[in-house]
Number of protein chains: 2
Amino acid sequence: MIFHFREKFPLLNTYWDRYLPFQQRMEVPAKTVLLEEGKISQQYIFIEKGCTRLFFNNNGDDKTVQFFFEKEGLTSFDSFVNNIPSLFTIETIEPSVIYLLPKHYVLQLMDELSHEPNFVQMMMQLSAQRQTHYMNEFVSFIRDTPEQRYQNLLADRPHIIQRVPQHYIASYLGVSTVHLSRIKNKLAKGKPHF
Amino acid sequence: MIFHFREKFPLLNTYWDRYLPFQQRMEVPAKTVLLEEGKISQQYIFIEKGCTRLFFNNNGDDKTVQFFFEKEGLTSFDSFVNNIPSLFTIETIEPSVIYLLPKHYVLQLMDELSHEPNFVQMMMQLSAQRQTHYMNEFVSFIRDTPEQRYQNLLADRPHIIQRVPQHYIASYLGVSTVHLSRIKNKLAKGKPHF
DNA sequence: AAAACTTGATAACATATGTTATCGTTAGAG
DNA sequence: CTCTAACGATAACATATGTTATCAAGTTTT
């Protein structure tokens, strides 16, 4: 999510590597809560193995907002940056191996980074990248039907459909589990694969 | 949108003021295109008077993504930062007075800013703010019905409903113009105001 | 191994929403 | 000032989607 720098800005690897010793390694089972709704995010989460989801509770039922997999990092950004209660819970979906870096070190790392020559441009690019992600999710809702959104997911991020339980995907797509099942059924009939 | 710093970070006013002379003032009628879909955003837009919308074309009909009013600044961020064709068009809704600041100056301003002590924190806060905005739009779709989204709009940003033509609002809410009209009718009956 | 929970499919019905068409009003253009 | 286009309401019908309930197949727990 946020500091998923490594591929895009290889320069930064040296910075990250310096902070690796401060990370706490954890092996956790599925459905482990890494950040609870209402708590203030105190660390950055990096996923080595497994996957997690970001969700919120709405009148008793979960609404999943995003999924994260191997080599991705995440946090409840607004909570992390502004020290306010998180609107979201972060929970593992599969048994996972994760690394936690306390906020203090993240901020220190960012401060060091700020002296690099292209820091401003880099920050803006990362900011634009994250903004574009959520904007695209939003745009997809005002442009596509749930069926089209499911097909987009199937085309662009099939690993989500393969690894994530269907009711999480349903809430992410904004439909009921029943309707997602109908969509799958309809697509299976339309495009038999034999 | 992006550089709407002034209230949140008064420190920055001195920076902005220094760049005011480089801005181009324009008085334009309604439905003036300020940035066309497919073109690369070359300037930052500040609205002194009037309002604009950000939209994209989808098979012939517009889908409005966001509205902007007095004292707000905007650009097609991803296009602006990464020099790629904009996915969106920016167009005035009312006759407006706007200021344009060429990208070159914006980048120069940011570079100067980067030497301020709390620059990193400021950038992260602004980034979080924008991310939160789009995330909330997204969350609203997987949590609320169109009727609830309309009521949220009415409660949180009534000026949009007052000043913006209804078919723009309909696409922004993700419903047809007919259905938005139905929603308004239903709410008017439920809560008579006499 | 039995029990309990999780996951997913499906049916039946109710409601929400889209589409197309028509009409009236208002606001701009010539 | 008249004409036209933009805007908004409404009806009628078709389709999409939600809700509730039931069933089946795995998984996990005990």
Side-chain angles (χ1 to χ4, degrees), chain A residues 28-32 50-51 53 55 58-64 67 91-95 140-154 160-190 192, chain B residues 28-33 50-51 53 55 58-64 67 91-96 140-154 160-190 192:
Chain A
V28 296
K31 300 203 178 190
T32 302
C51 61
R53 68 191 181 108
F55 70 93
N58 183 241
N59 299 117
D61 61 334
D62 288 353
K63 299 286 184 181
T64 297
F67 303 103
E91 184 183 272
T92 55
I93 295 174
E94 304 172 352
S140 175
F141 270 94
I142 65 182
R143 184 189 51 203
D144 305 324
T145 64
E147 180 179 330
Q148 287 172 309
R149 282 205 302 285
Y150 178 77
Q151 293 198 80
N152 293 344
L153 200 62
L154 202 53
I160 292 183
I161 293 173
Q162 288 156 10
R163 291 173 65 176
V164 173
Q166 198 162 308
H167 57 286
Y168 294 161
I169 296 176
S171 75
Y172 169 72
L173 292 174
V175 298
S176 65
T177 56
V178 175
H179 192 60
L180 177 53
S181 192
R182 275 195 285 242
I183 288 172
K184 289 181 66 173
N185 182 282
K186 180 182 169 188
L187 294 179
K189 283 177 181 166
Chain B
V28 296
K31 300 202 179 191
T32 303
V33 172
C51 60
R53 68 192 180 108
F55 70 93
N58 183 242
N59 299 117
D61 61 334
D62 287 353
K63 300 287 183 181
T64 297
F67 303 103
E91 186 183 89
T92 55
I93 295 174
E94 303 172 352
S96 305
S140 175
F141 270 94
I142 64 182
R143 183 188 53 202
D144 306 325
T145 65
E147 180 178 329
Q148 286 172 310
R149 282 203 302 285
Y150 179 78
Q151 293 199 81
N152 292 343
L153 200 62
L154 202 54
I160 292 183
I161 292 173
Q162 288 156 10
R163 292 172 65 177
V164 173
Q166 198 163 308
H167 57 286
Y168 295 161
I169 296 176
S171 76
Y172 169 72
L173 293 175
V175 298
S176 66
T177 57
V178 174
H179 192 60
L180 176 54
S181 191
R182 274 195 287 242
I183 288 171
K184 288 182 67 174
N185 181 282
K186 180 181 170 189
L187 294 179
K189 283 177 181 167

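Worth knowing before you read on, the calculation uses all heavy atoms, side chains too, and leaves out hydrogens, waters and symmetry mates. The chains referred to below are lettered A, B, ... by the order of the sequence lines, with proteins before strands, and numbering in each begins at 1.
When every heavy atom of B:Ala30 is checked against every heavy atom of B:Ile93, the shortest pair comes out as CB-O, 3.2 Å. For A:Phe67 against A:Arg53, the heavy-atom pair with the smallest separation is CD2-CB, 3.9 Å. Nearest heavy atom pair, residue B:Val164 against residue B:Ile169, reads O-CD1, 3.6 Å. Among all heavy-atom pairs drawn from A:Glu94 and A:Gly50, the shortest one is OE1-CA, 3.6 Å.
The side chain of B:Asn185 contributes no N or O atom lying less than 4.0 Å from OP1 or OP2 of D:dA9. Contact annotation: A:Lys184 reaches the phosphate of C:dA9 (side-chain N/O to OP1 or OP2, under 4.0 Å).
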Return a single string for nucleotides 11-21 of chain C, one symbol per nucleotide in 5' to 3' order, where B is base contact, S is sugar-phosphate-only contact and - is none, cutoff 4.0 angstrom on heavy atoms.
BB----BBBB-
Can you give one letter per nucleotide of nucleotides 23-30 of chain D, going 5' to 3': B for a protein heavy atom under 4.0 Å from the base, S for sugar-phosphate only, - for none?
--------
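In this entry the distance linking CD1 of B:Ile93 with P of C:dG28 reads 15 Å, nearest Å. For the pair B:Arg163 CZ and C:dA27 P, the computed distance is 17 Å after rounding to whole Å.
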Start with the C-alpha distance between A:Lys31 and A:Glu91, add both sets of side-chain angles, then the distance that settles salt bridge (Lys or Arg N to Asp or Glu O under 4.0 Å), and finish with yes or no.
CA-CA 6 Å; A:Lys31 300 203 178 190; A:Glu91 184 183 272; over 6 Å; no
Take B:Glu147 and B:Leu187 through the side chain to side chain contact (heavy atoms under 4.5 Å, CB included) test and state the conclusion after the steps.
CA-CA 9 Å; B:Glu147 180 178 329; B:Leu187 294 179; 3.7 Å; yes
Chi angles and distances behind the side chain to side chain contact (heavy atoms under 4.5 Å, CB included) call for A:Tyr150, A:Val175
CA-CA 10 Å; A:Tyr150 178 77; A:Val175 298; over 6 Å; no
Polar-atom pairs under 3.5 Å, protein N or O versus N or O of nucleotides 3-7 of chain C: list them with distances, or write none.
residue: C:dT7; atom: OP2; partner: A:His167; partner atom: NE2; Å: 3.1

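When atom types are taken as modelled, the side chain of B:Thr64 and the backbone of B:Tyr172 share no donor-acceptor pair closer than 3.5 angstrom. Distance alone, capped at 3.5 Å, places no donor-acceptor pair between the B:Thr177 side chain and the B:Gln166 backbone. Checked by atom type and distance alone, the side chain of A:Thr92 never pairs as donor or acceptor with a backbone atom of A:Pro95 at under 3.5 Å.
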